[in-house]
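Report on one structure; see the data block that follows.
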Protein chains: 2
Amino acid sequence: MASEKIAGRGPGRPRDGEAEARILQAALRLLAEQGYTRMSLDGVAEEAGVSKPTIYRRWSSKADLATAALRTIQTSEPVVATGTTAGDLTAALQNFARSLLRPNGMSLIGTVLAEEGHTPELLALFRERLVANRRAQLLGILRRAQRGGELRAGVSLDAAVNLLVGAFYARYLASSTIPPGFARELVEVVWRGMAK
Amino acid sequence: MASEKIAGRGPGRPRDGEAEARILQAALRLLAEQGYTRMSLDGVAEEAGVSKPTIYRRWSSKADLATAALRTIQTSEPVVATGTTAGDLTAALQNFARSLLRPNGMSLIGTVLAEEGHTPELLALFRERLVANRRAQLLGILRRAQRGGELRAGVSLDAAVNLLVGAFYARYLASSTIPPGFARELVEVVWRGMAK
DNA sequence: GTCTCTTTACGATACTGTATCGTATCTAAA
DNA sequence: TTTAGATACGATACAGTATCGTAAAGAGAC
């Protein structure tokens with residue numbers, strides 16, 4: 001059942017084309033929920049409805065699978081244009097807050113940080129796939145404002161991005177919750193601090 | 001040798017008073033370096049120079065030991081008074097940066113976040129012992145400024161604390177490094193954003 | 001004061017049961 | 001005949017416990 005086989009090339013039984021996606025999805029979910037060390041391949045196999053060798057035929061190790069799973073995520077942020085710089089920043093940050101509060105949104109960050117010493121590829125990929133995009137989006141908004149002459153001279157855009165994004169991490173670390181209106185408060189302070 | 005015995009109560013051989021400290025120290029180091037799941041009691045025993053039963057005589061489980069180890073840390077921040085609010089904030093944040101860049105400073109944060117679903121006591125203790133103190137220190141500086149009439153009305157001190165502290169997390173998550181002058185840049189933006 | 005008895009903690013080692021990664025072997029599909 | 005998949009397995013690591021002989025202390029006998 002379910003053999004949309006794509007590559008009908010060589011002889012032999014073709015691979016289940018859907019298995020790959022199911023495995024990656026299960027791996028990503030378990031990675032986020034349980035962390036890298038607790039994520040077991042037996043668990044992934046069971047959740048994906050395949051057996052372990054089916055996994056090992058596609059990826060050579062647990063680390064290989066985990067990085068492949070991380071590679072599949074991508075911030076697909078709908079870039080909102082509200083008309084004002086402060087509005088754009090707030091909208092982008094509200095998106096960010098939603099993704100953090102998704103189940104295990106912060107646990108995934110935790111596990112890639114905790115594994116920095118042991119499996120540094122995870123942190124590297126996380127940066128490349130998620131962190132970089134998010135920062136680039138905010139940086140884009142700020143650069144536009146800068147070109148439009150809205151900002152004071154000499155203000156550090158990198159510092160501003162770190163302030164805005166980081167405040168959510170700090171808030172979560174302190175209480176696991178983010179109050180409504182939080183993004184607006186942040187933008188209010190930072191914007192006043194860097195605008196002309 | 002080495003029997004500073006503290007509790008000379010009942011009969012019997014007294015406990016090695018130094019073993020306790022050695023065990024906790026080893027546990028904390030391994031917890032930060034390897035994360036909770038990778039920290040093994042065999043490893044702790046070896047590093048502390050004791051046997052496993054000696055550990056289990058004092059703590060009932062791995063989680064019990066790990067939380068006891070976390071309980072031993074305490075931010076002993078020397079509160080600096082530079083004369084200006086911005087100066088005090090910058091000094092406090094520079095202290096903070098130093099502690100983050102200590103070996104495995106961020107890994108420890110990572111592991112308590114990653115374990116939130118499985119061993120929530122770790123995150124709870126981390127908040128109580130480290131996060132809360134750090135935030136209280138910054139909040140103290142800001143409140144003093146507020147009483148002194150330096151701040152605009154209606155500005156959220158909580159938001160400011162999150163901005164300042166969080167920027168370091170964001171920066172580390174993006175690149176594992178913190179450039180010199182970072183704290184000053186942050187304070188510059190935030191202070192201008194909230195001062196009268 | 002000394003000698004023994006009892007009590008408690010110690011280190012070392014071995015063990016139980018389980019979880020895990022990764023693989024060998026067999027079976028099903030093309 | 002060739003490849004995919006599934007069951008079963010080997011090897012290892014781990015949490016937690018049990019056992020054995022020993023070290024250190026107090027308590028009582030003399």
Side-chain angles (χ1 to χ4, degrees), chain A residues 1-23 26-27 30-31 33-69 111 115 118-119 121-122, chain B residues 1-23 26-27 30-31 33-69 111 115 118-119 121-122:
Chain A
M1 66 296 287
S3 60
E4 319 274 320
K5 70 161 178 306
I6 292 159
R9 294 296 140 257
R13 174 176 175 176
R15 285 201 178 167
D16 181 348
E18 296 173 3
E20 196 144 326
R22 285 206 314 274
I23 294 168
L30 289 172
L31 178 66
E33 179 186 303
Q34 312 194 333
Y36 179 75
T37 50
R38 278 190 217 279
M39 173 190 98
S40 78
L41 291 197
D42 287 290
V44 172
E46 184 181 348
E47 182 161 321
V50 301
S51 69
K52 258 194 306 182
T54 301
I55 299 178
Y56 275 98
R57 213 182 292 282
R58 292 165 167 80
W59 298 279
S60 66
S61 67
K62 177 177 175 177
D64 196 17
L65 171 63
T67 52
T111 206
E115 290 293 322
H118 199 272
T119 321
E121 316 93 86
L122 293 179
Chain B
M1 66 297 288
S3 58
E4 320 274 318
K5 67 152 179 307
I6 293 161
R9 293 294 141 260
R13 175 175 174 174
R15 288 206 172 159
D16 181 348
E18 295 173 5
E20 197 143 325
R22 286 205 314 275
I23 293 168
L30 290 171
L31 178 65
E33 180 187 302
Q34 314 195 331
Y36 179 75
T37 49
R38 278 190 216 280
M39 173 190 98
S40 79
L41 291 198
D42 287 294
V44 173
E46 185 181 348
E47 182 163 321
V50 301
S51 68
K52 243 189 326 175
T54 301
I55 298 178
Y56 277 97
R57 238 171 244 125
R58 292 167 168 76
W59 297 280
S60 67
S61 66
K62 178 178 176 177
D64 197 16
L65 172 62
T67 51
T111 206
E115 290 294 323
H118 198 274
T119 321
E121 315 93 85
L122 293 180

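Worth saying up front: this structure is predicted, and the values here are computed from it rather than measured. Order of the sequence lines sets the chain letters (A, B, ...), proteins ahead of strands, with each chain counted from 1.
- Atom pair Arg38(A):CZ and dA15(D):C1' shows a separation of 12 Å (rounding to whole Å applied).
- Atom CD of Gln34(B) and atom OG1 of Thr37(A) lie 11.0 Å apart (nearest 0.5 Å).
- Across dG22(C), dT7(D), dA15(D), the shortest atom-to-atom separation from the side chain of Leu41(B) is found for dA15(D).
- Note: CE (Met39(A)) to C1' (dA19(C)) measures 15 Å, nearest angstrom.
- Rounded to whole Å, atom P of dA12(C) lies 11 Å from atom CD of Glu46(B).
- Between the P atom of dC15(C) and the OH atom of Tyr56(B) lies a distance of 19 Å, rounded to the nearest Å.
- Look at Lys52(A) and Glu46(A) and you find no salt bridge, because none of the NZ, NE, NH1 or NH2 atoms lies under 4.0 Å from a carboxylate O.
- Distance, His118(B) NE2 to dA19(C) C1': 12 Å, rounded to whole Å.
- Side-chain proximity of Ser51(B) to dA24(C), dG16(D), dG11(C): nearest is dG11(C).
- Cation-pi geometry between Lys62(A) and Tyr36(A) is satisfied (NZ or CZ under 6.0 Å from the ring centre, within 45° of the ring normal).
- Between Arg58(A) atom CZ and dT3(D) atom C1' the separation is 12 Å, expressed in whole Å.
- Side-chain atoms of Val50(B) lie closest to dG11(C) of the nucleotides dA12(C), dT20(C), dG11(C).
- At dA6(D), one or more side-chain N or O atoms of Thr54(A) fall inside 4.0 Å of OP1 or OP2 (strictly under the cut-off).
- The distance between atom CZ of Arg57(A) and atom C1' of dG5(D), rounded to the nearest whole Å, is 7 Å.
- Interface remark: the Lys52(A) side chain does form a donor-acceptor pair with the dG22(C) base, using a distance-only criterion of under 3.5 Å.
- Between the CD atom of Glu18(B) and the P atom of dA24(D) there is a distance of 14 Å, rounded to whole Å.
- The pair Glu20(B)-Arg57(B) does not meet the salt-bridge criterion, since no charged nitrogen lies less than 4.0 angstrom from a carboxylate oxygen.
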